[in-house]
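Every chain is numbered from 1 and lettered A, B, ... according to where its sequence line falls, protein lines coming before strand lines.
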Amino acid sequence: MISSTFRHIPGVGPKKELRIWKCGILSWNDFLSRKSRGLPPSLRTNEQLQIVRESVRKLSDGDVRYFRDALPKGELWRLYPDFFENTGFLDIETTGLDRNYSELTLIGVADKHGYSSFVSGENLEEFRDAIDKYDLIVTFNGSSFDIPFVEHYLGNVFRNCAHIDLMRLLRRIGYSGGLKKIESDLGVGRPSSLRGLSGYDAVRMWSLHRLGDTRALPTLIRYNAEDVASLPELTSIAFNQIVGSIGVNGFSKVPSFRPEVNHLPFHIDLIDDLTNPGY
DNA sequence: ACTGATTACAGCGCACGGGT
DNA sequence: ACCCGTGCGCTGTAATCAGT
């Protein structure tokens, strides 16, 4: 719960926040009540009380931007429980890694209600409205890849939401490597006919789609959906483990879920083609 | 009051490691 | 093979605290 956080107050880093917690002040309400009398004067200035009162207001307004701008980037994961209901999980496909020379082909977004795709040349522009529904966006390595890539093509579409980069979060608890490696390290995901595909196959599938292969786009969408579908599980694992490692505080655990994507069609013969060497 | 220890923070430069 | 955001270690500075 974000209301246990004090790191958005200027001058409060990890050590001072820990001291506040150790004094039994586990929430903004504790901080504003008589309980906080025990704190040293420098941890309870009028300015700080003002910021905490403001935080209470901003949270009840659901103003995620206030916290996005005030919190250190590495601590934005703390927003997850409070904005859980309005969190979107996002993954994109492109024709290459360099956004200056590559095309944005597909954006996939999943949330509690399911999965949606936005395809270049079809409905990509609808993403602008779709993204505005969310307070929070979770990606894997999105701060280096997905977010700048999308902004390059669609402009400042993330202006109203905060972004959590799951890759950084997972690395903090000792999991590094690509998404598929971490999925298998953590036992997340399911056996799937598409497991053998890589990001480069997404590039090839898009080319086939443009050449008129009608199997390619559905299979690309399904590939994207399976990547996105793992993000919520990985997020709760990372969140709960980080919360556990902090020890004493007022953060609660978050539930896990997996968006249903098995109804999305794909073409096994295309996958066989792609995974056959020399194709 | 003074002192030394601790803490936060900003500005460096640098190496790393993911994405398609 | 490319890009580049991130985070690390390092430095100096300023503020604060705890103990004397």
Side-chain angles (χ1 to χ4, degrees), chain A residues 5-23 38-45 47-48 51 68 70-77 89-108 117-120 124 137-153 158 162-185 194 196-210 216-217 219-228 230-231 234 238 242 274:
Chain A
T5 285
F6 299 93
R7 293 284 299 279
H8 59 306
I9 301 171
V12 178
K15 300 283 169 62
K16 284 193 180 171
E17 184 181 58
L18 199 57
R19 262 185 72 193
I20 293 172
W21 288 337
K22 290 247 173 83
C23 289
L39 290 171
S42 75
L43 284 177
R44 203 176 176 280
T45 63
E47 199 192 345
Q48 288 160 346
I51 292 175
R68 173 194 66 190
L71 278 169
K73 269 207 194 67
E75 300 301 325
L76 287 177
W77 58 271
F89 299 84
L90 180 147
D91 184 42
I92 68 172
E93 311 302 330
T94 72
T95 57
L97 295 170
D98 184 344
R99 60 179 170 274
N100 293 309
Y101 302 100
S102 309
E103 202 184 327
L104 174 60
T105 59
L106 169 65
I107 306 177
S117 57
F118 303 88
V119 180
S120 171
L124 190 60
I137 291 298
V138 178
T139 65
F140 187 87
N141 196 29
S143 33
S144 297
F145 186 72
D146 304 69
I147 299 291
F149 214 114
V150 171
E151 284 178 340
H152 187 260
Y153 281 90
F158 301 107
H163 167 239
I164 297 173
D165 191 334
L166 185 51
M167 190 187 84
R168 317 270 156 194
L169 220 50
L170 287 162
R171 189 169 300 170
R172 212 198 263 207
I173 58 171
Y175 295 97
S176 62
L179 177 61
K180 288 164 185 71
K181 174 182 182 293
I182 296 179
E183 273 182 46
S184 94
D185 288 349
L194 291 86
L197 299 183
S198 74
Y200 184 60
D201 293 314
V203 178
R204 299 160 77 198
M205 283 192 274
W206 183 256
S207 309
L208 292 172
H209 163 63
R210 297 311 290 265
L217 184 56
T219 310
L220 175 64
I221 290 173
R222 173 67 182 258
Y223 168 78
N224 175 264
E226 291 196 12
D227 275 357
V228 180
S230 294
L231 300 182
L234 293 172
I242 290 181
L274 289 170

Participant: Applying side-chain hydrogen bond (donor to acceptor under 3.5 Å, both in side chains), can you list everything that pairs with Lys180(A), at least two apart in sequence or on another chain?
Facilitator: Tyr223(A), Asp227(A)
Participant: Can you tell me how the ring of Tyr153(A) sits relative to the ring of Phe149(A), calling it parallel under 30°, perpendicular over 60° and tilted otherwise?
Facilitator: parallel
Participant: Can you tell me how far P of dT6(C) sits from NE2 of His163(A), to the nearest Å?
Facilitator: 9 Å
Participant: Would you indicate, yes or no, if dC4(C) has its OP1 or OP2 atom less than 4.0 angstrom from a side-chain nitrogen or oxygen of Arg99(A)?
Facilitator: yes
Participant: Checking His163(A) against Ser143(A): is there a side-chain donor and acceptor pair closer than 3.5 Å?
Facilitator: no
Participant: May I ask you to evaluate whether Lys15(A) reaches the phosphate of dT7(B), defined as a side-chain N or O under 4.0 Å from OP1 or OP2?
Facilitator: yes
Participant: Mind listing the closest non-hydrogen atom pair of Leu208(A) and Ala216(A) along with its distance?
Facilitator: CB-CB, 3.9 Å
Participant: On the nucleotide dC8(C), are OP1 or OP2 found under 4.0 Å from the side-chain N or O atoms that Arg172(A) carries?
Facilitator: no
Participant: Sugar-phosphate means primed atoms, P, OP1 and OP2; the rest is base. With that split, encode nucleotides 15-20 of chain B 5' to 3' as B, S or - using protein heavy atoms under 4.0 Å.
Facilitator: --SSBB
Participant: Taking all heavy atoms of Leu166(A) and all of Leu234(A), pick out the closest pair and write down the distance.
Facilitator: CD2-CB, 3.7 Å
Participant: Take atom NZ of Lys73(A) and atom P of dC8(C), then tell me their distance rounded to the nearest Å.
Facilitator: 14 Å
Participant: Would a 4.5 Å heavy-atom cut-off, applied to side chains only, mark Phe158(A) and Leu90(A) as touching?
Facilitator: yes
Participant: How close or far is atom C1' of dG5(C) from atom CG of Leu76(A), stated in whole angstroms?
Facilitator: 14 Å
Participant: Asn100(A) CG to dC4(C) P: how many Å, rounded?
Facilitator: 6 Å
Participant: Please set out all donor-acceptor pairs under 3.5 angstrom arising from side-chain atoms of residues 167-177 of chain A, sequence neighbours excluded.
Facilitator:
| from | atom 1 | to | atom 2 | distance (Å) |
| --- | --- | --- | --- | --- |
| Arg172(A) | NH2 | Gly74(A) | O | 2.5 |
| Arg172(A) | NH2 | Glu75(A) | OE2 | 3.4 |

Participant: Rounded to whole Å, how long is the line connecting atom CD of Glu151(A) with atom C1' of dC3(C)?
Facilitator: 16 Å
Participant: Please give the angle, rounded to 10 degrees, between the axes at the start and the end of the helix from dA1(B)-dT20(C) to dG19(B)-dC2(C), where five pairs define each axis.
Facilitator: 30°
Participant: With Thr5(A), which residues qualify under side-chain hydrogen bond (donor to acceptor under 3.5 Å, both in side chains), at least two apart?
Facilitator: Arg78(A)
Participant: Could you state the atom-to-atom distance from NZ of Lys16(A) to C1' of dT6(B) in whole Å?
Facilitator: 10 Å
Participant: Considering residues at least two apart in sequence or located in another chain, which fulfil the side-chain hydrogen bond (donor to acceptor under 3.5 Å, both in side chains) criterion with Gln48(A)?
Facilitator: Thr45(A)
Participant: NA contact type, Ser143(A), heavy-atom cut-off 4.0 Å: base, sugar-phosphate, or nothing?
Facilitator: sugar-phosphate
Participant: NA contact type, Pro148(A), heavy-atom cut-off 4.0 Å: base, sugar-phosphate, or nothing?
Facilitator: nothing
Participant: Identify whether any heavy atom of Arg7(A) sits under 4.0 Å from a base atom; if not, whether one sits that close to sugar-phosphate; answer base, sugar-phosphate or nothing.
Facilitator: nothing
Participant: Could you tell me how far apart Ile147(A) (CD1) and dC4(C) (P) are, to the nearest whole angstrom?
Facilitator: 16 Å
